[in-house]
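Have a look at the structure below, then the notes.
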Amino acid sequence: MPLPLFSSRVSLMLVPALAALLAACSPPVAEPPAPDLFIRVSAGTVDMIPVGEFLQNGMPTVPERQQLQIAQDIEIMRRQVSQAEYARCVQAQACRKLDKQEQQVEPRPDLPVVGVSWEDATAYADWLSRDTGQLYRLPTYEEWAWIAGNHYREDTPLSPFDPQNPARRWLEEYQQEISRSRTTDDKAPQPFGHFGANEHGIQDLGGNVWDWTDSCYTRYAVMADQSVMRLGENCGIRVLGGEHRSYMTDFIRDPVSGACSVGLPPANLGFRLVRDAVNPGHPRRNG
């Protein structure tokens with residue numbers, strides 16, 4: 001039996017309302033970042049002290065500097081991921097909520113998200129990759145050092161550990177930490193660009209927010225002929241790029257909680273992403 005005209009009209013009116021309700025309840029989809037957010041840095045060679053711990057006869061030693069080849073161009077964010085961008089991932093239920101002290105009533109698009117772990121940063125990259133069809137990831141520390149350009153800083157290498165005079169290295173470590181502490185007094189995240197940009201136009205590389213990288217903490221033995229043997233890799237600890245190199249357990253969000261494995265902890269933990277390539281099998285690319 002045909003529906004009464006009134007019932008048909010009500011049904012037709014409910015369809016768009018129901019569609020709008022379902023859309024509102026659906027997790028938001030990640031949108032591709034703005035075209036000008038990423039900067040391409042050409043391939044090249046970075047001169048740096050290699051990442052990790054180096055031991056000689058079981059004692060800490062100073063590794064030789066290395067010329068490390070960055071074989072391909074790198075597309076990296078000119079700034080760190082913002083509060084508003086990370087909040088969208090949380091809303092999509094693809095990222096964990098920030099701890100209470102880092103939550104904002106109105107997440108800002110002009111401030112970096114802080115209080116995030118390596119696990120959080122990786123979850124964000126996975127969500128963005130899955131929804132946009134591009135491949136996003138954290139940079140390696142070597143890539144980060146290369147794109148940092150004239151803003152890349154390294155601590156003055158410490159003297160090799162001398163069992164006959166251990167106080168020498170201890171004093172150097174103490175002086176190094178004092179020097180670092182003078183430059184990390186202001187902990188509050190600042191608007192993008194506050195700490196300047198390097199020659200590539202990449203911002204805030206030496207500011208008060210350190211960038212997670214995908215590099216693992218590695219231990220090496222330096223032999224008598226100065227050759228190096230890899231002892232092991234601990235990917236539960238990751239390397240951070242910033243005003244000084246740092247190492248942190250991958251699930252840590254608060255750098256002052258005591259989980260920093262070496263030296264003075266960073267002021268804040270954030271991240272920026274590398275964009276690798278288009279995923280040809282993604283529906284957004286073939287639809």
Side-chain angles (χ1 to χ4, degrees), residues 30 48-55 68 74 76-77 79-83 85-90 92-103 112-130 135-148 152 154-155 180 184 187 189 204-220 230-276:
M48 61 181 289
I49 298 172
V51 169
E53 181 183 16
F54 291 78
L55 303 172
L68 299 175
I74 302 170
I76 192 162
M77 294 175 70
R79 57 162 175 80
Q80 287 142 336
V81 171
S82 73
Q83 294 176 356
E85 288 164 338
Y86 187 82
R88 189 169 176 84
C89 183
V90 172
Q93 301 177 8
C95 292
R96 286 195 305 155
K97 288 182 180 180
L98 297 175
D99 294 338
K100 188 173 182 181
Q101 67 269 22
E102 301 296 351
Q103 292 179 14
V113 65
V114 298
V116 287
S117 67
W118 177 89
E119 293 176 346
D120 296 326
T122 302
Y124 181 90
D126 290 346
W127 170 70
L128 199 60
S129 300
R130 190 168 56 248
L135 299 179
Y136 296 94
R137 62 174 175 84
L138 294 173
T140 66
Y141 185 79
E142 291 76 15
E143 289 173 331
W144 189 94
W146 175 240
I147 64 92
Y152 179 60
E154 284 183 342
D155 291 319
R180 287 175 175 179
T184 54
K187 305 273 196 273
D204 306 320
L205 291 156
N208 63 5
V209 179
W210 271 244
D211 289 331
W212 283 105
T213 78
D214 213 33
S215 293
C216 302
Y217 186 77
T218 310
R219 299 176 74 242
Y220 300 91
R230 183 167 162 168
L231 298 176
E233 183 178 68
N234 181 358
C235 286
I237 297 175
R238 301 283 173 163
V239 190
L240 288 135
E243 186 183 36
H244 58 79
R245 185 186 301 176
S246 191
Y247 303 92
M248 190 74 59
T249 308
D250 60 4
F251 60 81
I252 288 298
R253 293 174 138 189
D254 177 8
V256 269
S257 64
C260 184
S261 61
V262 177
L264 187 76
N268 296 289
L269 304 179
F271 65 102
R272 68 185 80 219
L273 298 178
V274 167
R275 180 171 61 193
D276 270 344

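Every value quoted in this text rests on a predicted model; they were computed, and no experiment measured them.
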(message) Applying side chain to side chain donor-acceptor pair (under 3.5 Å), can you list everything that pairs with S82, at least two apart in sequence or on another chain?
(response) E85
(message) Give me the atom names and distance for the closest heavy-atom approach of A267 to P255.
(response) O-CG, 3.7 Å
(message) Would the distance check show the side chain of T213 and the main-chain N or O of V239 forming a donor-acceptor pair, the cut-off being under 3.5 Å?
(response) yes
(message) For E53, give me all partners under salt bridge (Lys or Arg N to Asp or Glu O under 4.0 Å), at least two apart in sequence or on another chain.
(response) R219
(request) Kindly give the heavy-atom pair with the smallest separation between V209 and V114, and that separation in Å. (result) CG2-CG1, 3.8 Å
(request) For Y152, enumerate each residue passing the ring pair (Phe, Tyr, Trp, His ring centres under 6.0 Å) test, keeping only those at least two apart in sequence or located in another chain. (result) none
(request) Report the distance from atom OH of Y136 to atom CZ of R130, rounding to the nearest 0.5 Å. (result) 13.5 Å
(message) List the residues meeting ring pair (Phe, Tyr, Trp, His ring centres under 6.0 Å) with F271, not counting sequence neighbours, and say none if there are none.
(response) Y124
(request) Give the ring-plane orientation class for Y247 versus Y217, where under 30° counts as parallel, over 60° as perpendicular and anything between as tilted. (result) perpendicular
(request) Just jot down the side chain to side chain donor-acceptor pair (under 3.5 Å) partners of D126, sequence neighbours excluded, or say none. (result) none
(request) Report yes if some heavy atom in the side chain of L128 is under 4.5 Å from a heavy atom in the side chain of L273; otherwise report no. (result) yes
(request) Measure the shortest side-chain to side-chain distance between L98 and V113 over non-hydrogen atoms and say whether it is less than 4.5 angstrom. (result) yes
(request) Hey, could you give me the CH2/CG distance between W212 and L269, rounded to the nearest 0.5 Å? (result) 5.5 Å
(request) Applying side chain to side chain donor-acceptor pair (under 3.5 Å), name anything that partners D211, two or more places apart in sequence or on another chain. (result) Q80, W144, R272
(request) Provide the closest heavy-atom pair for A148 versus L205 in the form atom of the first, atom of the second, distance. (result) CA-CD1, 3.6 Å
(request) Using the test side chain to side chain donor-acceptor pair (under 3.5 Å), find all partners of R253 that sit at least two apart in sequence or belong to another chain. (result) D99, D120
(message) Taking salt bridge (Lys or Arg N to Asp or Glu O under 4.0 Å) as the definition, give me every residue that meets it alongside E119, ordered by chain and number, with sequence neighbours left out.
(response) none
(message) Side chains of P139 and I76, heavy atoms from C-beta outward: is any pair under 4.5 Å?
(response) yes
(request) Using a 4.5 Å cut-off on heavy atoms from C-beta on, say whether the side chain of E102 contacts that of Y86. (result) no
(message) Restricting to non-hydrogen atoms, name the atom on W210 and the atom on G207 that form the minimum distance, rounded to 0.1 Å.
(response) CZ3-O, 3.9 Å
(message) Is there a side-chain contact between W118 and T249 in this structure, where contact means two heavy atoms from C-beta onward sitting under 4.5 Å apart?
(response) no
(request) Nearest 0.5 Å please: distance from the CG atom of N234 over to the SG atom of C216. (result) 7.5 Å
(message) If you compare all heavy atoms of R96 against all heavy atoms of S117, which two are closest, and at what distance to 0.1 Å?
(response) NH2-OG, 4.0 Å
(request) Answer yes or no: does atom CD of E233 have more than 12 heavy-atom neighbours from other residues, nucleotides or ligands under 6.0 Å? (result) yes
(request) For E142, enumerate each residue passing the side chain to side chain contact (heavy atoms under 4.5 Å, CB included) test, keeping only those at least two apart in sequence or located in another chain. (result) M48, V51, L68, I70, T140, S215
(request) Please tell me if the side chains of L138 and T122 come closer than 4.5 Å, counting only heavy atoms from C-beta onward. (result) yes
(message) Could you tell me if the side chain of D276 sits less than 4.5 Å from the side chain of R137, heavy atoms only?
(response) yes
(request) Just jot down the salt bridge (Lys or Arg N to Asp or Glu O under 4.0 Å) partners of D214, sequence neighbours excluded, or say none. (result) R238
(message) Show the nearest heavy-atom pair for residues L240 and P266, with the distance to one decimal.
(response) CD1-CG, 4.3 Å
(request) Please tell me if the side chains of I237 and M248 come closer than 4.5 Å, counting only heavy atoms from C-beta onward. (result) no
